[in-house]
Asker: 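Sharing a structure with you now.
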Amino acid sequence: LVTNEARSGVFNGVVLLAEKGEVLYHKAFGYRNFKLKDSLRKHDCFQLASVSKMFTAYAIGILSKRGQIHIDSSVQHYIIDFPYRNVTVRNLLNHTSGLPRYMVVSDQHFNRDSVLSNRMMHCLMEYHQPASYFSPGWRFNYQNTNYAYLALLVEEITQMPFSSFCRKEIFEPLEMYDSFILDRRVVTDIPCKVEGHIYRSARVLYAHENYINGVTGDKGMYSNATDLLRFDRELTHPTLVDSSWIEASFTPGKTEYRSSHYGFGWRVGEESEDINMVYHYGWGNGFKSCFMRFLDTDRTLIILTNRDR
């Protein structure tokens, strides 16, 4: 199937399928750079976009295990000038906070010639205080603002850049040496040669950098399929978080309106009710990603692409 899709020009990227941690299929198709026509390799790094969220949630899980954060506490307990009352860390994790989109505020009030950071995002939200979409816990609304604030919480509690915390506390212990959070406060050039591509009619274009790419937690991670499989094994036998955190991550959040189908950094089984599956998709900057875990069979499917279709 993948070979045929690649030959027809539909698919460009890397696919990995594993069962119980054993790789059954792992191949790369197409180009790292469409203009240079250099071939993709299995271990090339891709921008994960929203698949980054599962790592942001895991960082919170590490702090929870250490007693440094309590997920049912108010965000205002950790960020004193947080402008929204009664929002808990749990609300951020399962997208039930009602927080508005930070991109709306930043588009209106931020100089897009510079890079937006999580701290700058918070300052804009605190100063302008755009209205919440709904009361915390009332319903589910997938919102990048939630995970941008979770990354900021990690920085506030640990007094470390979020990128440094993830490297020290997640990537290095799990031997994910090709993975990183790109911190544009430190790095101005992406240390990854795989280019993201967007399609406009028959033209293939490079994806341009966006000023909001300086915000991490909701996005910003780079990795490859091999490293993601190492993280998959950690989820099966956790060493960095409590096993109860894994269970909560794969359990839909509760709302007054209806079940959220979202745990802590994972979508939970809404695509097929008869398959016990957790997953996340990512899209942005000419990349698309997919990380699926089939819990009953302990199968894992990872798809990384560097084109937007």
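Since the model is a prediction, treat every value here as computed from it, not as a measurement.
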Asker: Lys288 and Asn306: side chain to side chain donor-acceptor pair (under 3.5 Å), yes or no, with the steps?
Answerer: CA-CA 6 Å; Lys288 281 191 171 181; Asn306 60 327; over 6 Å; no
Asker: Quick check: Tyr58 with Phe264 (ring centres under 6.0 Å apart)?
Answerer: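 They do not qualify: ring centres at least 6.0 Å apart.
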Asker: Any salt bridge linking Arg90 with Asp72? Criterion: basic side-chain nitrogen under 4.0 Å from a carboxylate oxygen.
Answerer: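 Asp72 and Arg90: salt-bridged.
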Asker: Going from OH on Tyr262 to NE2 on His280, what distance comes out if it is rounded to the nearest 0.5 angstrom?
Answerer: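 It comes to 3.0 Å.
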Asker: I'd like to know if the side chain of Thr56 reaches the main chain of Gly217, judged simply by a donor and an acceptor atom lying under 3.5 Å from each other, with no hydrogens or angles considered.
Answerer: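 Side chain of Thr56 to backbone of Gly217, a donor-acceptor pair under 3.5 Å: yes, one is there.
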Asker: Measure the spacing between SG of Cys290 and CG of Leu301 and express it to the nearest 0.5 Å.
Answerer: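 Those atoms lie 5.5 Å apart.
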Asker: Determine, stepwise, if the pair His95 / Asn146 fulfils side chain to side chain donor-acceptor pair (under 3.5 Å).
Answerer: CA-CA 6 Å; His95 295 289; Asn146 294 310; 3.0 Å; yes
Asker: Give a yes or no on whether the ring-centroid distance for His109 and Tyr127 is below 6.0 angstrom.
Answerer: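 Centroid distance His109-Tyr127: not below 6.0 Å, so no.
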Asker: For Arg112 and Asp107, indicate whether the former's side chain and the latter's backbone hold a donor-acceptor pair under 3.5 Å.
Answerer: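 Yes, the answer is positive, given that a donor and an acceptor are paired below the 3.5 Å cut-off.
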Asker: Report the distance from atom OG of Ser39 to atom CG of Asn33, rounding to the nearest 0.5 Å.
Answerer: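 Between atom OG of Ser39 and atom CG of Asn33 there are 11.5 Å.
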Asker: Pair Arg299, Glu22 - check salt bridge (Lys or Arg N to Asp or Glu O under 4.0 Å), show working.
Answerer: CA-CA 9 Å; Arg299 281 186 174 176; Glu22 180 182 351; over 6 Å; no
Asker: Could you tell me the separation between the OG atom of Ser52 and the CD1 atom of Ile181, rounded to the nearest 0.5 Å?
Answerer: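 It is 5.5 Å, given to the nearest 0.5 Å.
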Asker: Sub-3.5 Å donor-acceptor pair from the side chain of Asn12 to the main-chain atoms of Tyr31, do we have one?
Answerer: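 Side chain of Asn12 to backbone of Tyr31, a donor-acceptor pair under 3.5 Å: yes, one is there.
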Asker: Got a donor-acceptor contact below 3.5 angstrom from the Asp242 side chain to the Ser244 backbone?
Answerer: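 Such a contact is absent between Asp242 side chain and Ser244 backbone.
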Asker: Sub-3.5 Å donor-acceptor pair from the side chain of Ser97 to the main-chain atoms of Asn91, do we have one?
Answerer: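 Side chain of Ser97 to backbone of Asn91, a donor-acceptor pair under 3.5 Å: no, none is there.
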Asker: Would one find more than 12 heavy atoms of other residues, nucleotides or ligands at under 6.0 Å from atom NZ of Lys65?
Answerer: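 Check passes, neighbour count above 12.
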Asker: Do any pairs count as a salt bridge (Lys or Arg N to Asp or Glu O under 4.0 Å) and have a residue in residues 114-141, sequence neighbours left out, and if so which ones?
Answerer: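 Residue pairs passing salt bridge (Lys or Arg N to Asp or Glu O under 4.0 Å), neighbours aside: Arg119-Glu156.
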Asker: Go through the side-chain N and O atoms of Thr239 and Glu234 and say whether any donor and acceptor fall under 3.5 Å apart.
Answerer: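 Side-chain D/A pair, Thr239 to Glu234: present.
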Asker: Would a line drawn from the ring center of His261 to the ring center of Phe140 be shorter than 6.0 Å?
Answerer: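 His261 vs Phe140: aromatic centres not under 6.0 Å.
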Asker: Would you find a donor on one side and an acceptor on the other, under 3.5 Å apart, between the side chain of Asp227 and the backbone of Ser179?
Answerer: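 Present.
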Asker: At what distance, to the nearest 0.5 angstrom, does NZ of Lys42 lie from NZ of Lys27?
Answerer: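 Answer rounded to 0.5 Å: 9.0 Å.
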Asker: In terms of heavy-atom contacts, does NZ of Lys168 have more than 12 from other residues, nucleotides or ligands at under 6.0 Å?
Answerer: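 Open: at most 12 neighbouring heavy atoms sit under 6.0 Å from NZ of Lys168.
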Asker: Rounded to the nearest 0.5 Å, what separates atom CG in Asp308 from atom NE2 in His197?
Answerer: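 Asp308 CG to His197 NE2: 10.5 Å, rounded to 0.5 Å.
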Asker: Is it the case that more than 12 heavy atoms not belonging to Glu247 sit under 6.0 Å from its CD atom?
Answerer: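 Count not over threshold, so no.
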Asker: Linking I/L/V/M/F/W/Y whenever their side-chain heavy atoms sit closer than 4.5 Å, directly or via other members, would Leu235 and Leu295 fall into one cluster?
Answerer: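 In one cluster: yes.
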Asker: Do the two ring centres, one from Phe165 and one from Phe162, sit under 6.0 Å apart?
Answerer: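 They do not qualify: ring centres at least 6.0 Å apart.
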Asker: Is the gap between the ring centers of Phe110 and Tyr211 under 6.0 Å?
Answerer: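 Between Tyr211 and Phe110, which both carry aromatic rings, the centre distance is below 6.0 Å.
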Asker: Got a donor-acceptor contact below 3.5 angstrom from the Asn285 side chain to the Phe287 backbone?
Answerer: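 Not a single qualifying donor-acceptor pair exists.
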Asker: So if you build clusters from Ile, Leu, Val, Met, Phe, Trp, Tyr with side-chain heavy-atom gaps below 4.5 Å, do Leu174 and Ile302 land together?
Answerer: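 Result: yes, single cluster for both.
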Asker: Does Asp232 come within less than 4.0 Å of Arg293, counting only side-chain N to carboxylate O?
Answerer: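 The answer is yes: the pair qualifies as a salt bridge.
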Asker: One pair to check against ring-ring contact (aromatic ring centres under 6.0 Å, His included): Phe231 and Phe55. What are the steps and the verdict?
Answerer: CA-CA 9 Å; Phe231 182 63; Phe55 293 91; 4.2 Å; yes
Asker: Met54 vs Met221, test: side chain to side chain contact (heavy atoms under 4.5 Å, CB included). Steps then yes/no.
Answerer: CA-CA 10 Å; Met54 61 182 67; Met221 181 170 165; over 6 Å; no
Asker: Got a salt bridge between Asp44 and Arg32, using NZ or NE/NH1/NH2 to carboxylate O under 4.0 Å?
Answerer: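 Yes, this pair counts.
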Asker: Can Leu16 and Tyr25 be said to form a side chain to side chain contact (heavy atoms under 4.5 Å, CB included), step by step?
Answerer: CA-CA 5 Å; Leu16 185 150; Tyr25 183 91; over 6 Å; no
Asker: Backbone N or O of Ala148 within a donor-acceptor pair of the Asn118 side chain at under 3.5 Å?
Answerer: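 Judged by distance alone, yes, a pair lies under 3.5 Å.
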Asker: Carefully, step by step, assess Thr88 and Val75 under the rule side chain to side chain contact (heavy atoms under 4.5 Å, CB included).
Answerer: CA-CA 5 Å; Thr88 66; Val75 176; 5.8 Å; no
Asker: Consider only side-chain N and O atoms of His70 and Tyr78, and report whether a donor and an acceptor are under 3.5 Å apart.
Answerer: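 Distance-only check fails for His70 and Tyr78.
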Asker: Tell me whether the guanidinium CZ or amine NZ of Arg267 lies under 6.0 angstrom from the six-membered ring centre of Tyr142 and within 45° of its axis.
Answerer: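 Cation-pi check for Arg267 and Tyr142: passes.
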Asker: Would you please indicate yes or no on a ring centroid separation below 6.0 angstrom for Trp266 and Phe250?
Answerer: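 Ring centres of Trp266 and Phe250 closer than 6.0 Å.
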Asker: Looking only at atom types and distance, does a side-chain atom of Lys219 sit under 3.5 Å from a main-chain N or O of Ser50, one as donor and one as acceptor?
Answerer: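 Judged by distance alone, no pair lies under 3.5 Å.
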Asker: Using atom types as modelled and distance alone, determine if a side-chain donor or acceptor of Tyr147 lies under 3.5 Å from a backbone N or O of Leu93.
Answerer: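 Pair found, side chain donor or acceptor close to backbone of Leu93.
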Asker: In chain order, what residues pass the side chain to side chain donor-acceptor pair (under 3.5 Å) check against Asp38, with sequence neighbours excluded?
Answerer: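 None.
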Asker: side-chain contact (heavy atoms from CB on, under 4.5 Å) with Val14: which of Arg41, His43, His26?
Answerer: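 Only one option passes, and that is His26.
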Asker: Would you say Phe171 ends up clustered with Met160 if hydrophobic residues are merged whenever their side chains have heavy atoms under 4.5 Å apart, either directly or through other cluster members?
Answerer: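 As far as the 4.5 Å side-chain criterion goes, Phe171 and Met160 are connected within one cluster.
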Asker: Please test Gln108 against Leu124 for side chain to side chain contact (heavy atoms under 4.5 Å, CB included), starting from the C-alpha separation and ending with a verdict.
Answerer: CA-CA 10 Å; Gln108 294 175 346; Leu124 289 172; over 6 Å; no
